[in-house]
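All remarks here apply to the structure that follows.
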Amino acid sequence: MEQFSPASACSKGHRRSLAVETAAGGSICLSCFAALVSDSRSPTHHVSYALSQLNLAFDDPDLLLELRERHAYLLVAPLIAALSAFDDEPLARQVMDVISDLCFRGEIRRLGLGGVSEQFTASSLSGDFIARIADRLASGALAWSRRHIYLLHCFGVLLNSHQGSSPAAHIREQDALFSNLLVGLQLPSEELRGEVLFVIYKLCQLNVTPWENVDDDDNDCVESLDAMAGSLWRLALEILLKTQHDEVRINCLARWLLTFTALLLVLVGKGLFQNLFVDNIPGIDIKETKANGDGLMQQCPLITLFSDAIKGSLLSSDEGIQISTLDLIFHMISPENCSINELRVLVEENIPDYIFEILRLSGNKDPVVISCLQLLALFSTSEEVFKQKLVVGFSTLLSVLHYTSQIPLHPVQPHALTLVCNCISNSPGIMSISQVTEVALILTCILRRCMNGELPETFILACSTFVEILKSPSAYGIKKIGDMIKEASRCAVLSSLSFPQGNPAVLLMHSLALLKEAHAYSRREDGSGNSDEELEENIMVTCQNYLLPWLEKFINEEVEEDAVQEIVQTFHLILLSGSEAQTQTFANNLISSNLLTLCFAYLGLFPTDQMRSSVYLILGSLIDRAFGPSFGQPLRDAFFYLPVDPLDLIFLLGQKSSIDPQLALCQRASLLLLYVSSLSGERFADDTQVLASLEQYILVNSNYFFCGTGDSLMLAQLVHLYGLYKGSQRDEKMSYSPEAEKTLLNLLARDDLELFSFGIHPMALKWLFQQERIMTYLSNQMLKFCRLSRANESQLIVYSYGSQTMNMQLISELVVSGDNYVAQLLVSLLRELQGEGGEDDMICVLNTMTEILKKFSDASIQLCMHSFSGAIRSIYYSPYCSPQLFSSCSLLVFHVLYTTSHNVLSQEGEWLAVTVKVPKFPDISLEYLLEYVNPKLASQLWGQEELLVISIFCLILHHSRNHVLEETSKAILLNGALASAVENIVQTSIAKGPALVDHDEEMETGECLPFFLLLYFFSLNSPANNFLFSFYATIQDCLDWQDLLQSSNTAPPILLISIKCHDLCRLMHFGSSLIKSLSSHCLVDMLSRISDQRERNQEELRCPMRYLQSMIAVMESLIFYEEKVVATNCGICLSKILSCKSLGLGEKMVIRNCKWFRMIMEEFTMTLTAPSMASKYFKNLHKPASRIATALLRLDQTPEWMRSVFDISCISGVVNNLCAQNLSAEMVNLFRALLSRKYLNEDHIGCLNQIFQVCRKQVYKDSSKGKAHDSLANKFISSSADFGKICNLLVHLMVSPVYREKETDQERLLREIDMFYRELSIETNLILFKIPTFNLFVITSREQIRDGGALKRLGFRRSGNEKKQDLAGSEGL
């Protein structure tokens, strides 16, 4: 033991061991310190200085550790005494800082080997402080004062920071402690009560409460603790109610919330919470209690006190207080802690109104929004009481819903949706139009986002809310909402079919509920009686594009029956409630998508009564919509007896139905299902098996039909099915029952079943029209069909399955196929119907045949193969041929002649008989068509029938080019009245002069002139015309092609159809664009005939100079005409005139000195050399002028001005603007003429050679592509009054390749390029090398072939591997 020395002791004589050395060199005597701070009489500034010095000493970790391990017992009691001894807040805070540092300072910094020991020491030290403070607070002699605030605060800090063992081990008198704390809560000091609340909170959190380890059998203890809990709650609520300061509120709420939570768990676990919140105290009125004030506050129910207490906090401007209050309410009214009655009390106390107000002013701050919506969701469980409150806050909810919908996976978005949905459901008329649009847009965005991932609950609530909106009367008649409904329903269906989580069946049911409600909305009529057809169609498209493929996809996967049932019922609902047109389309689409097969597949997967009912009922409604009302009734009548396996349905057909009425119902349903499935291409069994069952049904149940008990619809279905399966047999040796077939055909003929009254498969229809034994029946059916098709010439009035009805399309296809009797029946009907009273029927047949030709032009071949011309001849010569019948017959003849091939026009005599009387038919007394038209020719009274006859003559002349109908063509050409009519019409038109353009619209000439010009054109190209000219020229010197170059006064009399050249020129000058075009074509052909005759007979040109000048002047004026065809024809005519070798000296002088030719050439070259104009002009506009330029260059004496027009610079400019894309045969021919006149130099030739080589490659590349074929679609006419269409058809025929050059434009271009090279090799004495593999040419001179000089200057490269060929002396390229 250390010996005592005065030097080692303090001034009080305490031992040195009780002093601690500080880092500053001083020392602190702990005994003196303890005496100083524990004495209430010590000066506070001394105590404060001592505490500050000790606190500074704690900066030394070694000193702090020494104090904790060796001297802590000297400091615990004095420091606790100091907290109670001095009523000085700064001093108390110093004491608490010293206690806190002594217990907890530096625990985390030291983690060495001594770290565990040090932490244990600190934990033990804080436990000592807790024990001493708890003892003081639990003392029975405790008298609460302000000084205890510091003691309670220190106690709370210690409880909050204590580590290690539970504080319960240090607190000995827990009951007494809680009793004193409850007394402290009743004191008026708000600061004291706040500290007490925090201590209670910490004790409850640390399970240091009287309710721990309570014996459940001790009723007295339980009742005592229950009363203590009630007192605790009541006192805390009274504090919250009375306080007016946010600081106290935040203190109370922040601590009270956790206190309540911890306490609640203990009370619930011990069963002490049952009577904590009572609805009311017997004999005490809540309103009276509140009116009397504090006197009866202790008697007020706790739930009422709670509602009053939190209102002030809810109205606080501090967000933290509001959130704490909301969280407290949330815990209070959670379902496990609060009953419905207590919720009603809170609602009646207007707590939801406060929450809505907080929500409105929150500015969409997430913590406030989350807390408010969680609370409102709990309040919504008290439905009746909460309804009115929800209506008041509806507008606020909408703004919050808009906010939460913009954040994916927002935690309270389902709550917002639930509240909005409940409000709309409970108060349907609450929403305005703008709110309906707003909510619909929000929900649409949510459902769209669900496609990329969202909570299943959110999806379900969004669908339910949208359903409530659509049910609301506020949504009626809003146009903007339609597009949102489309998008929402589509997204809902897509999301439910592909949701990654949740029950797919449940999600699908909600999406389908939205789809059904959307469909119901689309069927509501607005004020004008109209419904939203676009929305209805969109819903059906959603079903077809998404739901139906989903059924097909998951047929072999695990799927719930409820989901399938819901989809089927949705389809059924749409079929039942939709509009007629939309549902018919929907039903047809479902049938064509093999819905029948799909339904039976799911029926086999879920063979329950409910699924069977759903399947057969929807099929019945489906058939009703697709085929007509009550068409599916057999399914509804027999669905209860029908089997689930379709093979059993086929088996039932082989049974005798007379023995069982239910079997007859099932057989009707089976036939109906087989009938519908056959139209859609579905098969329930093998064709052989079905055919055998049908034959057995016919043999067993045929008496059912013969007795008249069977209906025609059932027979129609039977005929259709038998014809389909019999006609689709690929193996001709396949066995079948001839007796069944005979019986069925007898039934068909006996009942005269109308084929056009029900849907029929093309295969079945074809089989029927192949049965020769029922030709009479088929003829009657065709006549009925023609009668029905008269009202609508394109299709029948269809009330069955769309495209499969016996319509014009099917009949046309049968005629074209040729392996049936349809064409023969139509032609035979024309013969049979001749006579009195058959005019209308004959017109129907003629119109039907015309429509068939309109759909398939090849049908004319089949008609002609069955003596069509003979039938037409008999109609024309019938005494009952009325003008209407004549018009219909002529229109058909026109179409047949227009569409048929010349190969089938072999019955020359009959076609001639149609046109004129011949000896082959002595019984015919009328030259019908010509005699019909001759009186009109003389009177010039032209009508539609007469023009149609002229059009037929044009087609006959057209076909004569192929050496058919030659005699008929001669009869037309030899008709003097027709020739005179042509002359008269032309002269009358010419007499109009410049007024001819306006005169085109007048009937007597305006409509007739184009047809006579067309007739003249086809006559010029008919071989019969050439024959007649040659024949008459031989037997009498009165016919000559050159006579057409004479004036009318000097011309011989007219024997054939002809128009003078100068008359054609006048028509070209004065006429409209159409007249100019037709006249120019005629003039080209006429000049070609004259040129051929002169060359053949070596004749001189017999034409007056002035006559020729006038013709040339007219054609020159049209060279730059806007119509390309007219300009081209004028260019051809001028080139033919210029190329005449027998022109006299006078004619040549006129041509050389013609200023118009020079002007044309100058305009031509100027356009080709200007880069801005050349690109457009090279597109075929240059061809007329280029032909004239070529002809002028090939004259024996080229005009002198040609050299100045085509000088070096001009040719260079043209060549520079030329490329492979705009090169034409006319331009190559022009360059060949320039080459022959030596206008081209070597540079020109080199550039042209490169362009020609590129062009050759391009032509061969393009030739590998398919050629476009001209279609005859939309080129048919419906009546003879369509003059414009008739004329257009003939013009189209006139400009067809038949009347153009035999070569194509590309072939002519290649030929001209080859001729250019040949001309080049001859003119320049060059050798032409050809590379056959690439069709390329290389040229050089014989003299310089070795050094390649010419090749180099002309831009060619020499290749040693090229095959050389000298083409200069060859026989031809």
Q: Output, in order, the C-alpha distance, side-chain angles, deciding distance and verdict of salt bridge (Lys or Arg N to Asp or Glu O under 4.0 Å) for Asp637 and Arg668.
A: CA-CA 10 Å; Asp637 293 339; Arg668 288 173 61 89; over 6 Å; no
Q: Could you please spell out the steps behind the salt bridge (Lys or Arg N to Asp or Glu O under 4.0 Å) verdict for Lys766 and Glu813?
A: CA-CA 10 Å; Lys766 184 176 182 179; Glu813 292 175 355; over 6 Å; no
Q) Do Arg524 and Glu517 pass the salt bridge (Lys or Arg N to Asp or Glu O under 4.0 Å) test, and can you show the C-alpha distance, the side-chain angles, and the key distance before you say yes or no? A) CA-CA 11 Å; Arg524 295 174 188 167; Glu517 193 60 40; 3.5 Å; yes
Q: Please step through side-chain contact (heavy atoms from CB on, under 4.5 Å) for the pair Gln862 and Gln824, ending with a clear verdict.
A: CA-CA 8 Å; Gln862 296 298 325; Gln824 181 178 341; over 6 Å; no
Q.
Arg490 vs Glu487, test: salt bridge (Lys or Arg N to Asp or Glu O under 4.0 Å). Steps then yes/no.
A. CA-CA 5 Å; Arg490 184 186 68 86; Glu487 181 70 9; 3.1 Å; yes
Q: Carefully, step by step, assess Met808 and Ile852 under the rule side-chain contact (heavy atoms from CB on, under 4.5 Å).
A: CA-CA 7 Å; Met808 195 66 70; Ile852 292 173; 4.1 Å; yes
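The backbone N or O of Ile460 lies less than 3.5 Å from a partner atom in the side chain of Ser464, making a donor-acceptor pair. The closest donor-acceptor contact from the side chain of Gln770 to the backbone of Asn820 lies at 3.5 Å or more, if one exists at all. In this structure, Asp532 contributes its side chain and Leu535 its backbone to a donor-acceptor pair below 3.5 Å. With hydrogens and angles disregarded, no donor-acceptor distance shorter than 3.5 Å links the side chain of Glu537 to the backbone of Gln582. In this structure a side-chain-to-backbone donor-acceptor pair under 3.5 Å is missing from Thr583 to Phe586. With Ser511 contributing its side chain and Leu508 its backbone, the two residues share a donor-acceptor pair below 3.5 Å. With Ser779 contributing its side chain and Thr776 its backbone, the two residues share no donor-acceptor pair below 3.5 Å. Between the Asp648 side chain and the Val644 main chain, no donor and acceptor come within less than 3.5 Å of each other. Using modelled atom types, no side-chain atom of Asp687 and backbone atom of Tyr725 make a donor-acceptor pair closer than 3.5 Å. With Gln771 contributing its side chain and Trp767 its backbone, the two residues share a donor-acceptor pair below 3.5 Å.
The environment of Phe606 atom CZ is dense: over 12 non-hydrogen atoms of other residues, nucleotides or ligands sit within 6.0 angstrom. In Lys784, the NZ atom is crowded: over 12 heavy atoms of neighbouring residues, nucleotides or ligands sit closer than 6.0 Å.
Using a 3.5 Å distance cut-off with no hydrogens or angles, the side chains of Thr542 and Asn545 do not pair a donor with an acceptor. Looking only at atom types and distance, the side chain of Ser860 has a donor-acceptor partner in the side chain of Thr899 under 3.5 Å away. Side-chain contact, Glu536 with Ser579: a donor N or O sits under 3.5 Å from an acceptor N or O. With hydrogens and angles left out, the side-chain atoms of Ser680 and Glu682 include a donor and acceptor closer than 3.5 Å. Residues Arg683 and Ser678 have side chains that never bring a donor and an acceptor to within less than 3.5 angstrom of each other. A donor-acceptor contact closer than 3.5 angstrom links the side chains of Ser621 and His572.
Inter-residue side-chain proximity for Cys864 and Val896 is flagged as met; some heavy-atom pair is nearer than 4.5 Å.
Below 30°, between 30° and 60°, or above 60°: for Phe600 and Phe684 the angle between ring planes is above 60°, a perpendicular geometry.
Between Phe627 and the options Ile591, Leu622, Leu672, a side chain to side chain contact (heavy atoms under 4.5 Å, CB included) holds for only Ile591. Shown are Leu649, Leu596, Leu653; of these, the side chain to side chain contact (heavy atoms under 4.5 Å, CB included) with Leu674 is made only by Leu653.
Remark: Phe554 engages Trp550, Glu557, Tyr602 in a side-chain contact (heavy atoms from CB on, under 4.5 Å) (not counting sequence neighbours).
The aromatic ring centres of His510 and Phe459 sit 6.0 Å or more apart.
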